[in-house]
Peer 1: 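Shown below is the structure under consideration.
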Number of protein chains: 2
Amino acid sequence: MIFRRTLERAGRRWSGAILYAGVAGARRFVEYRRYVHGISDRLLTQRLRELERQGFIEREVVPTMPVQILYTPTEVGAELVAALQPLGEWGRKHYDLIEKAPE
Amino acid sequence: MIFRRTLERAGRRWSGAILYAGVAGARRFVEYRRYVHGISDRLLTQRLRELERQGFIEREVVPTMPVQILYTPTEVGAELVAALQPLGEWGRKHYDLIEKAPE
DNA sequence: GAAGTCACTTACCAATAGTGAGTTGCTAAC
DNA sequence: GTTAGCAACTCACTATTGGTAAGTGACTTC
């Protein structure tokens with residue numbers, strides 16, 4: 001079912017938050033790391049690569065000295081984040097349920 | 001961040017699909033198993049327990065012979081599924097991206 | 001009395017995630 | 001001219017999660 005696949009892809013650990021950071025303005029590796037609190041370098045690298053492969057962000061190497069690497073959300077990536085807004089609303093409304101409740 | 005926690009809780013493997021099945025009318029264990037294609041008994045048990053602990057479904061034992069066990073989505077559970085509708089729309093729109101694309 | 005259903009549980013292995021340290025190529029400070 | 005630092009990674013190791021398959025006990029149907 002598409003619903004399940006979509007939800008589980010977007011809901012993969014860190015993926016949504018990384019995309020969200022991109023939409024919020026993050027571009028460089030360190031910026032993403034600052035936005036996405038708690039993620040390790042290893043997983044940030046891995047997720048950025050996945051999101052690139054899946055077409056949600058674009059990777060661009062700027063040959064300055066030292067090189068800059070920019071990760072920019074694509075059109076679909078931004079649309080996906082937009083589609084997640086109601087879920088964000090729900091989360092804020094039920095703050096205690098998701099922030100205080102057991103795993 | 002709430003957004004991340006919410007998304008990752010809903011996006012945990014099988015969780016969203018199970019809740020969705022409940023909203024779609026599933027009540028008994030075997031019904032959920034039929035709705036959520038591909039899930040194993042082990043994980044269905046585990047997820048139903050988690051969803052109950054988190055307050056998304058209610059477990060009720062009906063002392064017939066043999067016993068029936070009914071899992072019913074709560075109000076918040078149903079609201080969560082409703083909040084996920086736009087994501088479902090997005091998924092259907094970008095079908096090929098999520099169904100054909102690389103992991 | 002053999003086979004089947006419901007709602008699980010157990011054991012085992014594979015895949016994914018977390019932690020922490022190391023690396024390369026540069027610049028700036030002491 | 002060694003030391004320190006940053007950006008963007010990579011590697012090795014452990015812990016957690018998920019998948020597969022089989023088993024269980026109370027009951028029903030043929």
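Here the structure is a predicted model, which is why all the values come from computation and not from measurement. Proteins get letters first, then strands, A, B, ... in listed order; numbering begins at 1 in each.
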Peer 1: Between A:Y20 and B:F3, what is the ring plane arrangement, given parallel below 30°, perpendicular above 60°, and tilted in between?
Peer 2: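 It falls in the tilted class, 30° to 60°.
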
Peer 1: Side chain of B:T45 only, please: which of D:dT10, C:dT9, C:dA7 is the nearest?
Peer 2: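 Among the listed nucleotides, the one closest to the side chain of B:T45 is C:dT9.
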
Peer 1: For the pair made of CD in B:Q68 and P in D:dC27, what is the distance, rounded to whole Å?
Peer 2: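 Nearest whole value for this atom pair: 15 Å.
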
Peer 1: Please classify the nucleic acid contact of B:R42 as base, sugar-phosphate, or nothing, using heavy-atom distances under 4.0 Å.
Peer 2: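 Here B:R42 touches the bases of the nucleic acid.
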
Peer 1: Without decimals, in angstroms, what is the distance between A:Q46 CD and D:dT10 P?
Peer 2: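 So the CD-P distance, A:Q46 to D:dT10, works out to 11 Å.
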
Peer 1: B:D41 or A:L43: which one's nearest nucleotide on DNA chain C is closer to the 5' end?
Peer 2: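 Between the two, 5'-proximity favours B:D41.
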
Peer 1: Roughly, in whole Å, what's the span from CZ in A:R13 to P in C:dT19?
Peer 2: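 Interatomic distance, CZ of A:R13 to P of C:dT19: 10 Å.
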
Peer 1: Please determine, for the side chain of A:R33, which listed nucleotide (D:dG18, D:dA7, D:dC27) has the closest atom?
Peer 2: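 Selected nucleotide (nearest to the side chain): D:dA7.
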
Peer 1: Can you find a side chain N or O atom of B:Y71 that sits less than 4.0 Å from OP1 or OP2 on C:dC8?
Peer 2: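 Indeed, a polar side-chain atom of B:Y71 lies that close.
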
Peer 1: Nearest to the side chain of B:P66 - D:dA8, C:dA7, D:dT28?
Peer 2: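 That would be D:dT28.
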
Peer 1: Where the side chain of B:I69 is defined as all heavy atoms beyond and including C-beta, which of C:dA7, C:dT9, D:dC9 is the nearest nucleotide?
Peer 2: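 Comparing C:dA7, C:dT9, D:dC9 against the side chain of B:I69, the answer is C:dA7.
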
Peer 1: Taking only side-chain nitrogens and oxygens of B:R47, does any of them come within less than 4.0 Å of OP1 or OP2 of D:dT17?
Peer 2: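 Checking D:dT17 against B:R47, no side-chain N or O comes under 4.0 Å of OP1 or OP2.
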
Peer 1: Is the shortest distance from a Lys or Arg side-chain nitrogen in A:E31 or A:R28 to a carboxylate oxygen in the other one below 4.0 Å?
Peer 2: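 Answer for the salt bridge query: no.
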
Peer 1: Atom CD1 in B:I98, atom CH2 in B:W90: separation rounded to 0.5 Å?
Peer 2: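 If I round to the nearest 0.5 Å, the distance is 7.0 Å.
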
Peer 1: State which of C:dC6, C:dC8, C:dA17 makes the closest approach to the side chain of A:R12.
Peer 2: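 Closest of the options to the side chain of A:R12: C:dA17.
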
Peer 1: With a 4.0 Å cut-off on heavy atoms, is A:Y32 in touch with a base, just the backbone sugar-phosphate, or nothing at all?
Peer 2: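 Here A:Y32 touches no strand at all.
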
Peer 1: Between A:R47 and A:E50, is there a side-chain N and carboxylate O pair less than 4.0 Å apart?
Peer 2: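 A salt bridge links A:R47 with A:E50.
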
Peer 1: Measure CH2/A:W14 against P/D:dT17 and give the value in whole Å, please.
Peer 2: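 Nearest whole value for this atom pair: 14 Å.
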
Peer 1: If I take atom CG in residue A:L70 and atom C1' in nucleotide D:dA8, what distance separates them, rounded to the nearest angstrom?
Peer 2: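 Rounded to the whole Å, the gap is 12 Å.
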
Peer 1: May I ask you to evaluate whether A:R49 reaches the phosphate of D:dC9, defined as a side-chain N or O under 4.0 Å from OP1 or OP2?
Peer 2: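 Yes, such a contact exists.
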
Peer 1: When you check the gap from the basic side-chain N to the acidic O, do A:E8 and A:R4 get nearer than 4.0 Å?
Peer 2: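 Answer for the salt bridge query: yes.
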
